[in-house]
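First up is the structure itself, then whatever we jot down about it.
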Amino acid sequence: MVTWCMISAVSSSSDSEEEGEAVRHVMFRCPLSGEMMSDPVLLVQSGQTFDRAALVRALEASPGRDPLTGEALDGAPMISPNALVRSMI
């Protein structure tokens, strides 16, 4: 005889908060540094968001180049604060 039972997992609010924090850490990591962004900015030419400090370092190391693709940027790098991402962090 086989008996089936259903187990429902009830997560506490602290579990949900920890999961939300883990998701935030993954979603808002700078693609250059791998660290959680504290000052997210948009590199206008690529449409990619980076942490400002990591982007500045990358642009200083390879002036005029997209830090992810290595392709030449169209003109001087244009950096804009990413208020939407900042509000979600």
Side-chain angles (χ1 to χ4, degrees):
M1 175 174 171
V2 176
T3 305
W4 293 91
C5 67
M6 296 194 61
I7 300 171
S8 67
V10 178
S11 65
S12 68
S13 63
S14 64
D15 288 344
S16 296
E17 290 171 12
E18 288 174 11
E19 289 172 5
E21 187 65 22
V23 168
R24 265 193 302 281
H25 280 287
V26 171
M27 289 179 58
F28 300 113
R29 286 185 185 274
C30 174
L32 297 175
S33 69
E35 299 293 322
M36 181 81 160
M37 290 186 272
S38 61
D39 185 10
V41 294
L42 180 72
L43 179 59
V44 174
Q45 286 96 330
S46 70
Q48 180 68 45
T49 297
F50 303 95
D51 186 67
R52 182 183 301 272
L55 179 58
V56 167
R57 282 192 304 273
L59 291 173
E60 287 173 349
S62 297
R65 296 273 172 200
D66 183 296
L68 290 181
T69 66
E71 294 180 16
L73 294 174
D74 186 24
M78 292 182 282
I79 299 171
S80 176
N82 192 326
L84 178 61
V85 171
R86 180 184 296 274
S87 72
M88 295 187 306
I89 295 176

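By convention here, the first residue in the shown sequence is residue 1.
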ILVMFWY cluster, Met36 and Met88 together (side-chain gap under 4.5 Å):
yes
Nearest atoms (heavy-atom pairs only) where Met37 meets Ile89
O-CD1, 3.4 Å
How long is the gap from CG on Leu43 to CD on Gln48, to the nearest 0.5 Å?
8.5 Å
salt_bridge(Arg29, Asp51) N-O dist < 4.0 Å
no
For Pro81 against Arg52, the heavy-atom pair lying closest together
CG-NH2, 4.1 Å
In one Ile/Leu/Val/Met/Phe/Trp/Tyr side-chain cluster, 4.5 Å: Leu32, Leu59:
yes
Pairwise distance OG1(Thr69) to CD(Gln45) - rounded to 0.5 angstrom:
11.0 Å
Inter-residue atom distance Asp74.CG - Ser46.OG, 0.5 Å rounding
12.0 Å
Between Leu73 and Met78, is there shared hydrophobic-cluster membership here, with clusters defined by ILVMFWY side-chain heavy atoms closer than 4.5 Å?
no
Check whether the side chains of Asn82 and Thr49 place a donor and an acceptor atom closer than 3.5 Å, and report yes or no.
yes
Under 4.5 Å between side-chain heavy atoms, hopping through other hydrophobics if needed: is there a path connecting Phe28 to Leu84?
yes
Would you kindly confirm whether Met27 and Phe50 end up in one hydrophobic cluster when ILVMFWY residues are joined by side chain heavy atoms under 4.5 Å apart?
no
